[in-house]
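Before any comments, here is the structure.
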Amino acid sequence: PDIRARALMAMATTSERAGDAAAALTGVRAILDLDGVPPSVMDGARILLARLDPSAVDGLVAQNPAIRAELLMGRAQKLREAGERTDARDIWVEIAEDPSVEAQTRVDASLALADLQVEDGDMEGAVKRYDSLLATAELSRDTRGRVSLGRSNALLRANRIQEAEVAFLA
């Protein structure tokens with residue numbers, strides 16, 4: 001089951017990237033029906049299912065409440081891509097403010113909110129959110145880099161060029 005599940009996951013993600021949602025869903029559903037699937041593959045399949053079929057989230061959460069935030073992150077990203085930005089924002093706010101959610105997932109939700117603010121032209125709000133992340137969150141090196149780069153970009157787009165240069169070089 002391990003090798004089969006990993007092969008199905010690779011095919012499902014490849015199908016999703018190629019824009020073939022039906023093939024991706026078929027692969028994901030096949031993984032969910034297998035026994036003995038490694039937890040990391042099962043989690044990936046659930047997240048992919050949430051991105052491909054947001055209506056499936058409620059059923060998956062009922063089966064495994066611990067994955068709720070990750071599934072909601074996938075749903076929010078799909079909503080954002082579909083232009084339903086307000087709904088995506090609401091989900092990310094819920095996740096970012098929920099102390100029961102894993103710290104890294106809260107950080108990812110806050111980062112998504114800051115990126116959305118940049119896209120909406122709210123550079124000052126985005127800079128404040130990035131600053132808040134940098135000041136309060138224990139960030140991995142990779143995440144700190146993403147936050148710093150996002151902050152620099154927001155400063156640049158706000159025409160705060162000197163600050164952006166300093167932030168970018170920091």
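Positions are given from 1 along the sequence.
- The side-chain hydrogen bond (donor to acceptor under 3.5 Å, both in side chains) with Asp53 is formed by just one residue from the set Arg75, Arg29, Lys78; it is Arg29.
- Using a 4.5 Å cut-off on side-chain heavy atoms (C-beta onward), Leu48 and Ile31 make no contact.
- For the pair Ile91/Ile95, a side-chain contact is recorded, criterion being any heavy-atom separation below 4.5 Å from C-beta on.
- Between Met73 and Ile47 there is no side-chain heavy-atom pair separated by less than 4.5 Å.
- Here Val127 is tied into one hydrophobic group with Leu155, each link being a pair of ILVMFWY side chains closer than 4.5 Å.
- Between the CE atom in Met9 and the OG1 atom in Thr13 there is a gap of 5.5 Å [rounded to 0.5 Å].
- Residues Val166 and Leu156 are members of separate hydrophobic clusters, defined by side-chain heavy-atom contacts under 4.5 angstrom among Ile, Leu, Val, Met, Phe, Trp and Tyr.
- Here the closest heavy-atom approach between residue Leu8 and residue Gly27 is recorded as CB-O, 4.2 Å.
- Here the CG-CZ distance, from Asp142 to Arg146, works out to 6.0 Å after rounding to the nearest 0.5 Å.
- Interatomic distance, Leu79 CG to Leu72 CG, rounded to the nearest 0.5 Å: 10.0 Å.
- In this structure, the separation between CZ on Arg106 and CD on Glu97 is 11.0 Å, given to the nearest 0.5 Å.
- No side-chain heavy atom of Asp90 sits under 4.5 Å from any side-chain heavy atom of Glu94.
- Interatomic distance, Glu119 CD to Arg157 CZ, rounded to the nearest 0.5 Å: 8.0 Å.
- Remark: the backbone N or O of Lys128 is not paired with any side-chain donor or acceptor of Ser132 at under 3.5 angstrom.
- With contacts defined as side-chain heavy-atom distances shorter than 4.5 Å, the pair Gln104/Thr143 qualifies.
- Atoms CG and CG, on Leu71 and Leu49 in that order, are 8.0 Å from each other to the nearest 0.5 Å.
- Put simply, the side chain of Tyr130 reaches to within 4.5 Å of the side chain of Val118, judged on heavy atoms.
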